[in-house]
Amino acid sequence: MLEVTLPDGAKKEFEDGASALDVAESISKSLAKKALAAKVNGELWDLTRPLDGNSDVAIITERDPEALELFRHDAAHILAQAVQELYPGTQVTIGPVIEDGFYYDFARDKPFSTDDFEKIEKKMEEIIDRDLPIERQVWKKEDAIAHFKGIGEKYKAQIIDDIIPPGEPITLYAHSNQWSDLCRGPHLPSTGKLPKAFKLMKLAGAYWRGDSNNEMLQRVYGTAWANPKDLKAYLTRLEEAEKRDHRKLGRELDLFHMQEEGKGMVFWHKKGLAIWHAVEGYVRRRLDAEDYEEVRTPQVLDRKFWEQSGHWDKYRENMFIAETAEDETLSLKPMNCPGHVQIFKQGQKSYRDLPLRMAEFGACHRYEPSGALHGLMRVRAFTQDDAHIFCREDQIEDETARFITLAKSIHSDFGLETHHINLATRPDVRAGSDEFWDKAETQMMNAARKAGVEPVIAEGDGAFYAPKLDFIVKDAIGREWTCGTIQLDYVLPDRLNAEYIGEDGAKHRPVMLHRAILGSLERFIGILIENCAGAFPMWLAPTQVVVASITETAADYAQSVVDKLEAAGIRAEIDVRNEKINYKVREHSVQKIPYIAVVGQKEAEEGSVALRQFGTKNQIVLPLEDALARLSEEALPPDIARAKSLHN
RNA sequence: GCCGGCUUAGCUCAGUUGGUAGAGCAGUUGAUUUGUAAUCAUCAGGUCGCGGGUUCGACUCCUGCAGCCGGCACCA
């Protein structure tokens, strides 16, 4: 006999060998019918898997969030069966659940085409209709390898061989006697339980076991949901995201362009650059307030320099290198740190100079692989909001904590919420002793806690010389972006011989903290565009106000309004074209201008403007002075607005 | 870099089985002087991504390259 504790605390006795399904049946027929799996002692289990002694059991139905994971996992299996039925000779590899769906990697000589999707989806529905019982089987490792080799599934055999320790039993999941796959499970009780709310989305190449030295497999991505309504909502969400694409908005709003002759390079147009200046100016003020000193270092430096820093060895392939007529080899700087160390090294530094915070809006060039380029998000010429904090070891925690607070505040001013902070720990291939890593990781952890943040551990993601903290922010539609980083470095000061005179009169190595808050201006503006869907908050908008006249008689007055707005520091444009006001309103609304100030004969006579805010349909008529006050107030960057409200 | 797809006017897209291209919007010019999301007309606009081949003839077929898109790998 075994005792089962239900979620409400009720206890029930069952025969040995009873499964969660028996538990569900004992509660009600309808529950047994709806049951998809069970949570047994907190772990997701197959419904029909015999319980292992006394257990806490919760029945999972379609309404539980865990159900989605089951659906997606089963959708992956059913996809694999469908593909193998339709295209014999295709080998299966792995098919995990991912955010919003699943994928399955196949090995097949002939490439799949998205035209095949309809046929495959039909076959999947057919397999669902067959309602095949899904059976969990425990195999011995050797038998499983022999089995998969026997049916020509060399990838599966290899997975088992490489990953499963010898002697450990492994599980296969079988769709009746028609198909089976190596899988940890759990799964639905039968294929018929998968809701017909899935869709194959895209095709992609993917390296076997994620290694670019291996052959490339064909990956089929799909999405799966509990019901057709959720599926439709998801597809709508994708369409909405597409409308925010910064590449599309960049063209429509005339912010920037890119072209073949400068792959991965941005041509900033007037309006895009206006955003840039607003962002840069804001960050500069925030850094000033935190006692950073801004510098600028050379764009091109001799090869010797990069050899010394170690970048030549490790990243030469990704550097833009030039040979001069006088036989020098130079490189465009891929990063700013070595330059900053040179400034640090000018003259003698005392312990009293530390911490020294050196900032640069540093234009860097990296020859990124062509396939990595993506709009503003991944470019070859970019400007980092870079800074290096030279400090003593005992200052690391305070400086890091202080930085975290600053970065969070800046992100939030841009309307991005800090979702979490990752602590990237020691990678497999690394420099430095375990004691060093223990200490460094603890320092970063303590610093985060000091700033009131509990970091999420990202195992093995650190740089080869030190751990780092990465900021993950969430945008308006819930997407996550890695934005901002702080990285501990003991190596570069050593390589480049940075030193300061300590209290003891002796020379010491400073520690460097590499840090960025936006990452690169290019990418960050890309994120901003997508976050606000092109409708920038007033302080960032390239054009903040358009003054539109109704008839020519108001043209002079319109010009005087623009003059006053500009005198108040507002980015204003005039529109006195001979067009209907409807036309002008539409055009500037499409351009997502925050305010349209309409002036006609009436406004000219009484010295007022009719303000129409973007996103609203009604307008308010204000005396010009009031409108000026209101617009200047609204156009203030958040830091200045805060300072002003403190002052008042 | 790797796999797959795409590339026709500034933009969004048509273009039947191979007979050298069309629409809407934007632009030009003219008329219209207008009260909150598109006034009417007019004209102009293309080496059909680039190169090679097949063909009497190629935007259409084949091939090489490039760029872009979706992923993978990479991201100091």
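Residue numbers begin at 1 in each chain, while the letters A, B, ... track the order of the sequences.
- Rounded to whole Å, atom P of B/rA76 lies 18 Å from atom NZ of A/K333.
- Around the CD atom of A/E552, the shell of radius 6.0 Å holds no more than 12 heavy atoms that belong to other residues, nucleotides or ligands.
- Side-chain proximity of A/K580 to B/rG35, B/rG67, B/rU39: nearest is B/rU39.
- As rounded to the nearest Å, B/rC59 and B/rG52 have P atoms that lie 13 Å from one another.
- As judged by a 4.0 angstrom heavy-atom cut-off over every strand, A/G310 is placed among residues making no nucleic acid contact.
- Each of A/R430, A/R426, A/K468 was evaluated against A/E441; a single residue qualifies, A/R426, per the salt bridge (charged side-chain N to carboxylate O under 4.0 Å, His left out) test.
- Neither OP1 nor OP2 of B/rG71 sits under 4.0 Å from any side-chain N or O of A/Y207.
- We find that the ring of A/Y315 and the base of B/rA76 stack, their centres lying under 5.5 angstrom apart and their planes tilted less than 30°.
- Comparing B/rG22 with B/rG45, their C1' atoms sit 13 Å apart, to the nearest whole Å.
- The side chain of A/I550 approaches B/rG35 more closely than any other nucleotide in the set B/rG35, B/rG4, B/rA73.
- Under the Watson-Crick or G-U wobble criterion, with both distances below 3.5 Å, B/rC61 is paired with B/rG53.
- Distances from the side chain of A/K263 to the nucleotides B/rC2, B/rU36, B/rG67 place B/rG67 closest.
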Trace of the ring-ring contact (aromatic ring centres under 6.0 Å, His included) decision for A/H257 with A/F267: CA-CA 5 Å; A/H257 87 273; A/F267 292 77; 4.4 Å; yes
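- A sub-4.0 Å separation between OP1 or OP2 of B/rC72 and a side-chain N or O of A/R209 is absent.
- In terms of position on RNA chain B, the residue among A/R586 and A/E252 whose nearest nucleotide sits closer to the 5' end is A/E252.
- With a cut-off of 3.5 Å on both pairing distances, the Watson-Crick or G-U wobble partner of B/rG24 is B/rC11.
- When Watson-Crick and G-U wobble pairs are counted only if both distances are under 3.5 Å, B/rU36 pairs with no nucleotide at all.
- Remark: P of B/rC69 and NZ of A/K202 are 14 Å apart, rounded to the nearest angstrom.
- B/rU17 is unpaired under the Watson-Crick or G-U wobble criterion, no partner having all donor-acceptor distances under 3.5 Å.
- Nucleotides B/rC68 and B/rU63 are separated by 23 Å at their P atoms, to the nearest Å.
- If you check B/rA37, B/rA66, B/rC75 against the side chain of A/F614, the one that comes closest is B/rA37.
- OP1 or OP2 of B/rG70 lies within a sub-4.0 Å distance of a side-chain N or O belonging to A/H374.
- Look at A/S212 and you won't find any side-chain N or O under 4.0 angstrom from OP1 or OP2 of B/rC2.
- Spacing between atom CG of A/L332 and atom P of B/rA76 amounts to 19 Å, rounded to whole angstrom units.
- The nucleotide whose nearest atom lies closest to any side-chain atom of A/Q487 is, among B/rG67, B/rA76, B/rC72, B/rA76.
- A distance below 6.0 Å separates the ring centres of A/Y155 and A/W208.
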A/F112/A/Y87 under ring-ring contact (aromatic ring centres under 6.0 Å, His included): CA gap, chis, key distance, verdict: CA-CA 10 Å; A/F112 288 112; A/Y87 310 99; 5.4 Å; yes
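- Applying the 3.5 Å distance criterion, the base of B/rG1 shares no donor-acceptor pair with the side chain of A/E317.
- Using P as the reference atom, B/rG18 and B/rC56 are 15 Å apart when rounded to the nearest Å.
- As rounded to the nearest Å, B/rA38 and B/rG19 have C1' atoms that lie 40 Å from one another.
- We find that A/K263 and A/E368 are not joined by a salt bridge, their nearest charged nitrogen and carboxylate oxygen being 4.0 Å or further apart.
- B/rG45: no Watson-Crick or G-U partner with both key distances under 3.5 Å is found in any strand.
- With P as the reference atom, B/rC11 and B/rU47 are 13 Å apart, rounded to whole Å.
- Remark: B/rC6 base-pairs with B/rG67; criterion is Watson-Crick or G-U wobble with both hydrogen-bond distances under 3.5 Å.
- Applying the 3.5 Å distance criterion, the base of B/rC11 shares no donor-acceptor pair with the side chain of A/R251.
- Summarising the geometry, the separation between CZ on A/R577 and P on B/rU39 is reported as 11 Å, rounded to the nearest angstrom.
- Pairing for B/rC72 is with B/rG1, a Watson-Crick or G-U wobble pair whose two hydrogen-bonding atom distances lie under 3.5 Å.
- In summary, the aromatic rings of A/Y104 and A/F106 are positioned with their centroids under 6.0 Å apart.
- Residues A/S113 and A/R612 both approach RNA chain B. Their nearest nucleotides, taken by heavy-atom distance, put A/S113 toward the 5′ side.
- Rounded to an integer number of Å, the gap from A/R380 CZ to B/rC75 C1' is 13 Å.
- What separates CZ of A/R378 from P of B/rC68 is a distance of 14 Å, to the nearest Å.
- Checking B/rA37, B/rC2, B/rA38 against every side-chain atom of A/V590, the shortest atom distance belongs to B/rA37.
- Straight-line distance from the CG atom of A/D245 to the P atom of B/rU12: 12 Å, rounded to whole Å.
- For the pair A/F524/A/L416, a side-chain contact is recorded, criterion being any heavy-atom separation below 4.5 Å from C-beta on.
- Note: CD1 (A/I596) to C1' (B/rG35) measures 13 Å, nearest angstrom.
- Distance from the side chain of A/S370 is smallest for B/rG1 among the nucleotides B/rG70, B/rG1, B/rA37.
- Ranking B/rU33, B/rA76, B/rU39 by closeness to the A/T551 side chain, first place goes to B/rU33.
- Listed nucleotides: B/rA26, B/rU33, B/rC72. Nearest to the side chain of A/E552: B/rU33.
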